[in-house]
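The structure under discussion appears below in the form of structure tokens.
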2 protein chains.
Amino acid sequence: MTATIRDVAEAAGVSVATVSRVVSRSEHRVSAATRSRVLAAVARLRYQPNLVAQGLKNRVTHTVGLIVPDISNPFFPAIVRGIEDVANQAGLAVLLCNTYEDLSKERSYLALLRKRMVDGFIFATVGANTEHLRMLRRQRMPAVLIARAPGGVDMDAVLVDNRRGEREAVEHLLRLGHRRIAFIGGPAILPVAGERLADYRDALGAAGIRFDPALVFDGGFRPEGGAAAVEALLRRRVKFTAIVAANDLMAIGAMEDLHRRGRRLPGDVAVVGFDDITFASLVEPPLTTVAQPKYQMGRLAMERLLELLNGGTSRSRRLVLEPRLVVRESCGATLKRTESKRSN
Amino acid sequence: MTATIRDVAEAAGVSVATVSRVVSRSEHRVSAATRSRVLAAVARLRYQPNLVAQGLKNRVTHTVGLIVPDISNPFFPAIVRGIEDVANQAGLAVLLCNTYEDLSKERSYLALLRKRMVDGFIFATVGANTEHLRMLRRQRMPAVLIARAPGGVDMDAVLVDNRRGEREAVEHLLRLGHRRIAFIGGPAILPVAGERLADYRDALGAAGIRFDPALVFDGGFRPEGGAAAVEALLRRRVKFTAIVAANDLMAIGAMEDLHRRGRRLPGDVAVVGFDDITFASLVEPPLTTVAQPKYQMGRLAMERLLELLNGGTSRSRRLVLEPRLVVRESCGATLKRTESKRSN
DNA sequence: CATCCGATGGTAATCGTTTGCCATTGACGA
DNA sequence: TCGTCAATGGCAAACGATTACCATCGGATG
């Protein structure tokens with residue numbers, strides 16, 4: 001079908017070695033005359049080097065594996081876009097893998113990607129188990145973690161200071177006078193869930209408020225979970241005037257349910273989310289939330305991976321980005337409607 | 001680093017040919033004794049066949065290219081997930097490419113993927129230009145289109161009967177008594193935009209209502225565009241009691257702006273969207289919209305591609321799925337709050 | 001005992017590149 | 001007229017697999 005280097009060589013009346021020299025990096029070991037003959041043949045036959053063959057020979061496939069829990073979770077697409085933009089510009093292709101938080105899937109994808117000789121990996125939030133990460137590290141496989149770096153693994157990572165983000169969220173509510181602040185988090189298995197809960201406790205503790213387990217719920221990081229938590233709060237007649245959710249999805253689910261139950265937002269209940277997904281600014285009232293620079297995280301992770309690929313296996317580095325509390329209207333902090341940013 | 005077939009051969013004291021025979025498809029041309037020796041060596045060395053080498057030799061890479069305008073557009077992640085799920089189960093890897101609706105990017109990705117010897121393509125909404133698609137077709141490259149199949153290209157596709165969806169949306173509003181229905185569509189360059197506008201006109205026409213250009217806006221398929229359209233309607237004092245938007249993003253943007261301007265939904269203005277993205281059910285009021293079976297579309301497309309890969313280069317087929325008008329509360333059609341489904 | 005045959009496993013070519021090393025050539029100085 | 005040398009380009013061995021074809025061997029058969 002497509003022309004090979006051999007076809008070009010024949011057409012130009014030279015050997016394949018010469019064609020290769022002309023086509024690949026500017027090796028100037030070929031005279032101007034032959035070079036132009038070869039280039040003419042290349043153009044005529046529309047020759048495109050076969051990247052699979054090149055990959056086999058050079059042991060570099062210009063491919064990276066991207067491992068994501070679930071691309072349909074709105075936290076990820078922006079990250080993936082950042083990664084893909086940088087990768088594309090650098091001539092790398094991205095293999096997409098959804099693990100659905102399933103460790104065995106994560107492992108099997110990893111094995112598959114290695115069989116495919118990918119040059120490196122990006123993990124947009126790994127699971128808790130670090131054993132296979134250590135293995136990667138031992139084998140000096142370039143890899144970058146995003147958003148979460150489990151303790152004990154010494155790998156490059158692009159992180160967000162979520163501790164600070166969560167604290168700011170809670171402090172924002174405290175400043176507005178709230179004392180009974182419910183927390184909707186994730187399943188205890190996920191480390192990020194435990195972390196965020198701890199941050200909530202710390203922020204309360206710093207303000208001298210006793211932690212009340214009756215205010216804590218597992219919303220599974222899904223909108224339904226947020227709604228369920230509100231239902232439980234109301235059913236059990238727990239007193240509360242505010243909600244912090246560990247992600248926007250649950251916050252929005254909670255808001256929807258509060259609406260349904262006739263509560264006014266932010267009048268009766270103030271709500272703060274986490275992530276600043278696109279829709280945070282589009283719900284009623286627009287959601288106050290902790291924004292993570294998702295697109296940037298993707299870009300930075302891929303840029304770091306490029307550095308690792310192009311040589312420097314220097315010591316591993318962690319970039320820690322600052323989250324930003326985006327104050328909108330779901331807490332009643334803004335009296336008048338202000339311009340609420342719609343970021344990507 | 002990793003063991004090759006040669007290493008296994010040495011360890012087992014046989015030739016590489018024998019190892020290959022044991023490892024690859026169950027060719028039984030090897031005695032039980034040798035077979036177990038080989039398998040022992042394979043296990044001991046943790047041998048994993050190199051898929052790049054296999055790909056080169058077999059001319060099959062078990063890789064497909066997935067071409068998407070923009071993964072961060074919420075219409076796509078569910079489709080991608082469907083694709084990825086099926087691909088993974090079939091042992092295929094997915095290369096993700098964002099074109100940002102840019103034809104030159106689409107072309108360059110196509111060339112790149114061919115250099116990588118992908119086995120097939122999935123286009124989740126191609127641009128208007130069909131020239132490179134025809135080329136694929138001529139070269140008998142397996143490919144499946146999703147959501148949009150430009151006229152004149154004879155390719156497999158998984159489509160949705162959007163004509164009917166849009167008509168149902170408009171008819172729903174007509175049935176509720178609306179006569180001044182604004183339309184917020186997309187840029188005229190995109191074929192889907194023109195189509196959906198035509199469907200809107202047709203539906204109006206069928207009801208004997210004159211088309212009024214003053215009610216038509218280009219919202220660029222983005223929330224800001226929806227808001228801008230509302231602004232324009234209000235500024236120009238155009239009379240309208242309902243809005244149909246060509247996607248949910250714009251519908252939601254419009255709703256937000258209407259809220260901001262003090263209009264009541266659905267009391268003052270009824271709104272219908274298109275797509276049924278996750279958030280359609282989470283806004284206030286929950287958005288009535290035309291649902292496309294996104295995850296299914298992804299699955300079906302990938303399943304069809306598998307058929308094409310495994311032989312049958314039969315005549316190309318188009319699957320047309322039925323959209324579904326999901327009636328929620330943004331049109332006032334439901335008197336009482338009913339259970340509003342939250343689909344993925 | 002010579003021949004034939006099925007079963008088994010090895011040899012080597014191939015997929016499309018890259019690249020170290022060698023051969024050729026023409027210019028140039030001795 | 002040689003020998004030397006830089007410039008140029010070809011040969012062939014990789015990269016890691018697959019597979020058509022061939023060699024060997026032990027037993028069955030006449």
Side-chain angles (χ1 to χ4, degrees), chain A residues 1-42 45-63 91 112-119, chain B residues 1-39 41-42 45-63 91 111-119:
Chain A
M1 303 293 140
T2 56
T4 74
I5 200 174
R6 205 179 247 81
D7 302 329
V8 177
E10 268 175 45
V14 298
S15 76
V16 294
T18 304
V19 177
S20 175
R21 280 195 269 259
V22 170
V23 168
S24 32
R25 74 196 100 282
S26 54
E27 188 162 351
H28 46 274
R29 280 205 27 201
V30 47
S31 71
T34 5
R35 167 179 301 271
S36 66
R37 279 225 312 292
V38 169
L39 287 177
V42 163
L45 300 181
R46 292 197 221 300
Y47 167 68
Q48 303 270 77
N50 180 321
L51 294 188
V52 176
Q54 277 187 340
L56 178 58
K57 175 66 192 170
N58 298 342
R59 316 196 58 63
V60 172
T61 55
H62 298 288
T63 307
L112 186 74
L113 291 172
R114 315 213 43 200
K115 291 205 270 184
R116 290 181 177 275
M117 286 179 52
V118 297
D119 300 335
Chain B
M1 306 292 140
T2 57
T4 75
I5 199 174
R6 206 177 249 83
D7 302 329
V8 177
E10 266 175 45
V14 298
S15 76
V16 294
T18 305
V19 177
S20 176
R21 278 194 272 258
V22 170
V23 169
S24 32
R25 72 197 99 283
S26 56
E27 188 164 347
H28 45 276
R29 280 203 30 203
V30 49
S31 72
T34 0
R35 168 180 300 272
S36 65
R37 278 224 316 289
V38 169
L39 288 178
V42 163
L45 300 182
R46 295 196 218 302
Y47 168 67
Q48 303 270 77
N50 181 321
L51 294 186
V52 176
Q54 277 188 341
L56 178 59
K57 173 66 194 174
N58 298 342
R59 317 197 58 63
V60 172
T61 55
H62 299 291
T63 307
L112 186 74
L113 291 171
R114 315 214 43 199
K115 291 204 271 182
R116 289 181 178 275
M117 287 179 51
V118 297
D119 300 335

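Letters A, B, ... mirror the listed sequences (proteins, then strands); counts begin at 1. What you are looking at is a predicted structure, and each value in this text was computed from that prediction instead of being measured. Quick note: numbers below take in every heavy atom, side chains included, and nothing from hydrogens, waters or symmetry partners.
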Dot-bracket for DNA chain D: what is it, with Watson-Crick or G-U pairs under 3.5 Å, [ ] where a pair crosses earlier ones, and | for a pair to another strand?
||||||||||||||||||||||||||||||
Selection: residues 54-62 of chain B, any non-hydrogen atom under 4.0 Å of DNA chain D:
B:Gln54, B:Lys57, B:Asn58
Just jot down the side chain to side chain donor-acceptor pair (under 3.5 Å) partners of B:Ser36, sequence neighbours excluded, or say none.
none
Without decimals, in angstroms, what is the distance between A:Tyr47 OH and C:dG16 P?
10 Å
From CZ of A:Arg116 over to C1' of D:dG16, roughly how many Å is that when rounded to an integer?
16 Å
When rounded to whole Å, the CD to C1' distance for the pair A:Glu10 and C:dG16 reads 14 Å
For residues 6-14 of chain B, which side-chain N or O atoms pair as donor and acceptor with protein atoms under 3.5 Å away, sequence neighbours left out?
unit_1	atom_1	unit_2	atom_2	d
B:Asp7	OD2	B:Thr4	N	2.9

Can you pull every protein N or O that's under 3.5 Å from an N or O on nucleotides 26-28 of chain D?
none

If you compare all heavy atoms of A:Lys115 against all heavy atoms of B:Pro49, which two are closest, and at what distance to 0.1 Å?
CD-O, 3.5 Å
With sequence neighbours left out, what residues match B:Ser15 under side chain to side chain donor-acceptor pair (under 3.5 Å)?
B:Thr18
State, to 0.1 Å, how close A:Gln48 and B:Ala111 come at their nearest heavy-atom pair, and which atoms those are.
NE2-CB, 3.9 Å
Side chain to side chain contact (heavy atoms under 4.5 Å, CB included) partners of A:Thr61, counting only residues at least two apart:
A:Thr63, A:Met117, A:Asp119, B:Val52
How many angstroms lie between atom CD1 of B:Ile5 and atom CD of B:Gln54, to the nearest 0.5 angstrom?
8.5 Å
Is there a donor-acceptor pair closer than 3.5 Å between any side-chain N or O of B:Ser24 and the backbone N or O of B:Ser20?
yes
Pairs under 3.5 angstrom, nitrogen or oxygen only, protein versus nucleotides 8-12 of chain C, please.
unit_1	atom_1	unit_2	atom_2	d
C:dG9	OP1	B:Ser31	OG	3.2
C:dG9	OP1	B:Thr34	OG1	2.5
C:dG9	OP2	B:Ser31	N	3.0
C:dG9	OP2	B:Thr34	OG1	3.0
C:dG9	N7	B:Arg29	NH2	2.6
C:dG9	O6	B:Arg29	NH2	2.2
C:dG10	OP2	B:Ser15	N	2.8
C:dG10	OP2	B:Ser15	OG	2.7
C:dG10	OP2	B:Thr18	OG1	2.6
C:dG10	N7	B:Arg21	NH2	2.8
C:dG10	O6	B:Arg21	NH1	3.2
C:dG10	O6	B:Arg21	NH2	3.1

State, with a plain yes or no, whether a side-chain heavy atom of A:Val42 is found less than 4.5 Å away from one of A:Val23.
yes
Could you state the atom-to-atom distance from CD1 of A:Ile5 to P of D:dC15 in whole Å?
19 Å
Pick base, sugar-phosphate or nothing for A:Ser20, based on heavy-atom distances below 4.0 Å to the nucleic acid.
base
Gap between atom CG of A:Leu51 and atom CG of A:Leu56 - 0.5 Å precision
12.5 Å
